[in-house]
Amino acid sequence: MIRRFIYIFIFMVPLMAQSITVLSYNIWNGFDWSKDTVRHDKTVAWIKSQNPHVVALQELCGYTEDKLKTDAKEWGHKYSILLKTDGYPVGLTSKRPIQLKEKVRDGMWHGMLHGETFGVDFFVVHLSPSDVNFRIKEADIIRKKVQNISNERFILLGDFNALSLHDKEAMKTKTALLSQHRESAKSNKKGHSNLRNDAFDFSVMAEFLSLPTVDVCYLLMKKRDRFSFPTPALLGKYRYKQRQDLQPYRRRIDFILASPSLAKLCTAANIYNGENTRLLSDHYPVMAKFELQ
């Protein structure tokens, strides 16, 4: 009887629900290409304190596979993958083994990393910061990649540098940001613009949402809390002189988009845009929790 109980217990464990947390974070120029050790150490400590199961990172500037592996070990992850070692790489780390599915650079501004861990396909993205038409092309490439997988559980996450229709109402007050984008478009010698028809564009995120995917932060967060950029770390740089100068430019460009079947298992989602993370990067981290079955 005891032997039968042990047998049932062992083989039922994998079927039990498992809670995992997923973190996405743009770390701002790889901590100034590794020169800002203070910010690096504080960020690593913060990630460790959150104890995430999977971490997707953007702007791993100056990183190597070994350097990412070293950082990942600090927050308890044995496994990591880096897209590239030049430019602005993205990376993925996990407590469990990662199966590399694809590294995509052709047709991409920074690139995309596709890996599977915890039975979930992760697509780590960092889209163009400068041009909406280029982002649309990137979205089309990524959308086709996602449509080709057979796994019903997938997540697209990272720095999309794009706006969501979910935030359209909030963007109506961002006249200073709109003026900034207009000025930038007029002065850009390459013809790049973050606007479409001289207005904010929402088509890029619409491409991803139509896969379909579910924006878990929109689903589970209060509207007033949904902004991921910029942070007070930018004070003294560019146009940001005082903390109140940040308010007119706040928007959400960092997302965790889950497949519909996975989104049903999401029990929490948050953009950590409070005091603890305000000086760690120019972006705030985004995290979601899933009860996998």
Side-chain angles (χ1 to χ4, degrees), residues 22-52 55-63 67-68 70-72 74-75 87-91 93 109-110 124-130 157-164 167 170-171 173-174 176-181 183-184 194 217 221-222 224-256 269-288:
V22 176
L23 171 69
S24 178
Y25 208 167
N26 181 321
I27 61 168
W28 192 18
N29 294 336
F31 308 109
D32 196 15
W33 284 268
S34 300
K35 290 181 287 187
D36 194 338
T37 56
V38 173
R39 191 162 61 85
H40 168 272
D41 293 349
K42 288 183 178 180
T43 301
V44 170
W46 184 85
I47 295 175
K48 182 179 181 180
S49 72
Q50 300 304 307
N51 192 29
V55 176
L57 298 167
Q58 304 89 54
E59 295 199 16
L60 289 165
C61 306
Y63 268 69
K67 180 172 174 55
L68 179 58
T70 298
D71 279 4
E74 288 293 319
W75 57 71
Y88 284 70
V90 298
T93 77
W109 196 281
H110 293 309
V124 188
V125 307
H126 186 190
L127 304 188
S128 167
S130 305
L157 71 173
D159 178 1
F160 290 75
N161 277 311
L163 303 172
S164 172
D167 303 320
M171 295 308 297
T173 65
K174 305 299 180 180
L177 177 61
L178 184 60
S179 296
Q180 177 202 340
H181 282 335
E183 292 172 8
S184 178
N194 279 312
C217 283
M221 280 187 68
K222 293 180 181 179
R224 61 181 175 83
D225 294 328
R226 291 201 315 266
F227 62 89
S228 65
F229 178 90
T231 75
L234 284 174
L235 291 177
K237 303 177 184 294
Y238 312 111
R239 69 199 64 79
Y240 310 117
K241 296 180 181 179
Q242 301 180 40
R243 197 160 182 177
Q244 56 265 34
D245 294 337
L246 298 171
Q247 183 80 27
Y249 298 94
R250 283 177 176 170
R251 66 267 199 192
R252 187 166 66 117
I253 56 177
D254 302 87
F255 297 86
I256 295 178
N270 192 31
I271 302 171
Y272 287 80
N273 48 22
E275 289 298 308
N276 291 340
T277 57
R278 67 186 184 91
L279 298 178
L280 300 183
S281 173
D282 58 343
H283 289 246
Y284 290 106
V286 183
M287 191 153 62

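Side chains are part of it too, since the values below use all heavy atoms of this structure and drop only hydrogens, waters and symmetry mates. Since the structure is predicted, the reported quantities are computational estimates derived from the model, not experimental observations.
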Is a donor on one side and an acceptor on the other found under 3.5 Å between the side chain of [X] and the backbone of [Y]?
X	Y	value
Ser24	Val286	no
Thr231	Leu279	no
Ser49	Trp46	yes
Thr93	Ala72	no

Less than 4.5 Å apart, side chain to side chain, heavy atoms only: is that true for [X] and [Y]?
X	Y	value
Arg252	Cys217	yes
Ile47	Asp71	no
Gln58	Val124	yes
Tyr63	Phe31	yes
Leu280	Tyr25	yes
Thr277	Pro285	yes
Met287	Gln50	yes

inquiry  = Do Ser130 and Trp109 pair up side chain to side chain, a donor and an acceptor below 3.5 Å, judged on atom types alone?
reply    =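 Side chains of Ser130 and Trp109: no pair found under 3.5 Å.
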Nearest 0.5 Å, please: how far is [atom2] in [Y] from [atom1] in [X]?
X	Y	atom1	atom2	result
Ile27	Leu60	CD1	CG	4.5 Å
Met171	Leu163	CE	CG	4.5 Å
Ile256	Asn270	CD1	CG	10.0 Å
Thr43	Trp75	OG1	CH2	9.0 Å
Met221	Asn273	CE	CG	5.5 Å
Leu23	Leu157	CG	CG	8.5 Å

query = Under the side-chain contact (heavy atoms from CB on, under 4.5 Å) criterion, do Asp167 and Arg251 qualify, and how do the steps go?
reply = CA-CA 8 Å; Asp167 303 320; Arg251 66 267 199 192; over 6 Å; no
ask   = Parallel, tilted or perpendicular: which fits the ring planes of Tyr88 and His110, with parallel below 30° and perpendicular above 60°?
value =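 The rings of Tyr88 and His110 sit tilted, inter-plane angle from 30° to 60°.
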task = Determine the interplanar angle of the His283 and Phe229 rings, folded into 0 to 90°, and report it as parallel if under 30°, tilted if 30 to 60°, perpendicular if over 60°.
result = tilted
Can you name the nearest heavy-atom pair linking [X] to [Y], along with the distance?
X	Y	value
Ser34	Lys67	OG-CE, 3.1 Å
Ser281	Ala233	O-CB, 3.4 Å
Phe255	Ala162	CE1-O, 3.5 Å
Trp33	Cys61	NE1-CB, 3.3 Å
Leu177	Pro248	CB-O, 4.0 Å

inquiry  = Counting only heavy atoms not in Lys42 (residues, nucleotides, ligands), do more than 12 fall under 6.0 Å from its NZ?
reply    = no
task = Applying side-chain contact (heavy atoms from CB on, under 4.5 Å) between Asp254 and each of Asn161, Ile271, Asp159, report the one that passes.
result =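 Per the side-chain contact (heavy atoms from CB on, under 4.5 Å) rule, the option paired with Asp254 is Asp159, out of Asn161, Ile271, Asp159.
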inquiry  = Which residue is it: Pro230, Pro129, Ser228? I am looking for the one with a side-chain contact (heavy atoms from CB on, under 4.5 Å) to Ile253.
reply    =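 It is Ser228, the one option of Pro230, Pro129, Ser228 that forms the side-chain contact (heavy atoms from CB on, under 4.5 Å) with Ile253.
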